[in-house]
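See below for the structure under consideration.
If you're wondering where the values come from, they're calculated on a predicted model, not measured in any experiment. Read the numbers this way: they start at 1 and go in the same order the structure lists the ligands and their atoms. Computed from heavy atoms alone, side chains included, the values below leave out hydrogens, waters and symmetry copies.
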Amino acid sequence: MNNILVTRSSIPEFKEYCEEIKDLWNTHWLTNMGAKHKQLEADLKSYLSADNLDLFTNGHMALELTLQAMNLKGEVITTPFTFASTTHAIVRNGLEPVFCDIDSLDYTLDANKLEDLITDRTCAILPVHVYGNICNIDEIERIAKKYELKVIYDAAHAFSETYKGQNVANFGDASIFSFHATKVFNTIEGGAVCFREKRIGDILYDLKNFGIHGPEEVSAVGANAKMNEFCAAMGICNLRHVDEEIEKRRIVVERYREHLEGIAGLQLNAVQECVTPNYAYFPIVFDEKVFGKSREEVFDALAKEKIGARKYFYPLTNTFSAFHNKYDVTKTPVALHISKRVLTLPLYADLAPEDVDRICDVILK
Ligand SMILES: *Cc1c(COP(=O)(O)O)cnc(C)c1O
């Protein structure tokens with residue numbers, strides 16, 4: 001039996017990539033906002049219908065530097081049911097994360113619990129579109145407006161998705177995307193931020209290049225987070241095919257659903273109205289009492305068959321040893337409950353239907 005990995009990166013034909021990078025041998029311009037960088041930026045703006053977009057070396061630096069560019073101080077309300085990056089970006093900016101619990105069906109920040117967490121030190125809300133499930137945008141924006149808070153979405157999982165007909169890149173003050181090799185759209189490593197205020201873009205442009213503003217002026221304590229030309233070239237190629245890749249993912253997800261929908265004790269991902277999904281992940285939440293097997297048992301059974309599933313997100317970020325018990329996990333009971341029971345199954349565009357069948361057989365046995 002073949003190994004099935006939890007994910008497999010989308011890549012263009014070898015020839016297509018070689019053709020795209022040929023120019024670099026002529027120009028010898030390899031990084032620092034070259035022609036490929038400019039082109040990918042333009043292509044993405046058009047694809048995402050975004051007025052303002054800046055590219056980065058990865059999604060994490062896009063997020064970390066966006067928080068810096070907004071010059072935030074105090075507390076940021078966020079979710080612990082996310083990748084390390086979200087919480088780390090807050091803490092590394094000297095900001096205080098305040099953890100809000102999540103919705104038990106779509107796993108995004110529970111906007112009904114948001115208002116109780118607001119204090120006079122709150123400066124921003126950092127929700128995550130988990131697994132491509134879109135947050136309760138309407139309620140989050142209503143509350144943010146009322147209390148004059150910034151909203152920065154971690155949209156790492158939500159590339160290409162729309163909510164009520166509008167690309168998700170265009171909500172809040174900023175939305176951050178990850179173009180890591182494992183994501184729906186990749187530039188090998190990479191990321192981008194789409195933002196409302198043009199002014200933020202000017203600051204970000206400097207911040208990703210050490211805060212260098214001119215030949216003899218360094219006006220901010222920046223980092224180095226520029227996307228290089230080879231990554232941009234990969235992005236240009238992959239973007240040409242991303243819609244086909246998403247369509248192939250849809251077919252894989254349909255096949256999973258045919259096997260697993262309606263099985264007692266398995267909670268499949270929510271299907272959201274008003275959202276065009278990108279089929280980024282296939283999470284299942286196991287109710288051991290009803291299904292008869294725990295998440296751990298299923299994980300081990302799959303591993304034995306050389307099938308990679310992922311406990312994603314587990315552990316919660318507010319339990320990381322890095323934080324030395326600073327946060328009270330009992331304040332986010334739903335997130336804790338889900339993180340102990342969730343498993344994301346293998347999912348990528350070229351996952352064979354027979355492999356989906358085999359994975360489901362193992363789970364159901
Ligand atoms: C992947 C991911 C990131 C970080 O992106 P990188 O490009 O790997 O730095 C941030 N947040 C979430 C939710 C992610 O899944």
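- Only side-chain heavy atoms of H157 come within less than 4.0 Å of ligand 1; its backbone N, CA, C and O stay farther off.
- Residue Y281 has no N or O atom closer than 3.5 Å to an N or O atom of ligand 1.
- Taking every non-hydrogen atom of G190 and a distance limit under 4.0 Å, the qualifying atoms of ligand 1 come out as 7 (O).
- Residue contact check for ligand 1: F177 places no non-hydrogen atom closer than 4.0 Å to it.
- Cation-pi contact between R249 and F282: absent, since separation from the ring centre below 6.0 Å together with deviation from the ring axis within 45° is not met.
- Atom 4 (C) of ligand 1 has its nearest heavy-atom neighbour, among S85, G191, A158, A155, in S85.
- Taking each of N186, D154, T182 in turn, the one with a heavy atom nearest to atom 13 (C) of ligand 1 proves to be D154.
- Residue, atom and distance of the protein heavy atom nearest to atom 3 (C) of ligand 1 are F83 CD2, 3.8 Å.
- Between F179 and ligand 1, no pair of N/O atoms sits closer than 3.5 Å.
- In terms of hydrophobic clustering, with Ile, Leu, Val, Met, Phe, Trp and Tyr side chains grouped at heavy-atom distances under 4.5 Å, L117 and I143 are assigned to a common cluster.
- Of all the listed residues (M61, K183, H129, H180), K183 holds the heavy atom that lies closest to atom 2 (C) of ligand 1.
- Between K248 and D350 there is a salt bridge, since at least one side-chain N of the basic residue sits less than 4.0 Å from a carboxylate O of the acidic one.
- Considering backbone and side-chain N/O atoms, T82 never comes within less than 3.5 Å of an N/O atom of ligand 1.
- In this structure, of A225, A156, A192, A280, the residue bringing a heavy atom nearest to atom 12 (C) of ligand 1 is A156.
- Among F177, F159, Y47, the one residue that satisfies the ring-ring contact (aromatic ring centres under 6.0 Å, His included) test with F185 is F159.
- Shown in contact with Y312 at under 4.0 Å from a heavy atom are these atoms of ligand 1, numbered in order with element: 15 (O).
- Cation-pi contact between K311 and F299: present, with separation from the ring centre below 6.0 Å and deviation from the ring axis of at most 45°.
- At a heavy-atom distance under 4.0 Å, atoms from both the backbone and the side chain of N58 approach ligand 1.
- Within the structure, the closest approach of A62 to ligand 1 does not fall below 4.0 Å when heavy atoms are considered.
- Between the side chains of E245 and S10, at least one donor N or O lies within less than 3.5 Å of an accepting N or O.
- Between H180 and S178, the side chains place no donor N or O within less than 3.5 Å of an acceptor N or O (distance only, hydrogens not considered).
- A 4.5 Å side-chain heavy-atom check between V342 and Y312 finds every atom pair outside the cut-off.
- Residues E247 and Y279 bring no donor and acceptor atom of their side chains to less than 3.5 Å of each other.
- Between F171 and Y153, the distance separating the two ring centers is not shorter than 6.0 angstrom.
- When each atom of ligand 1 is checked for a heavy atom of H60 under 4.0 Å away, the hits are 4 (C), 5 (O), 6 (P), 9 (O).
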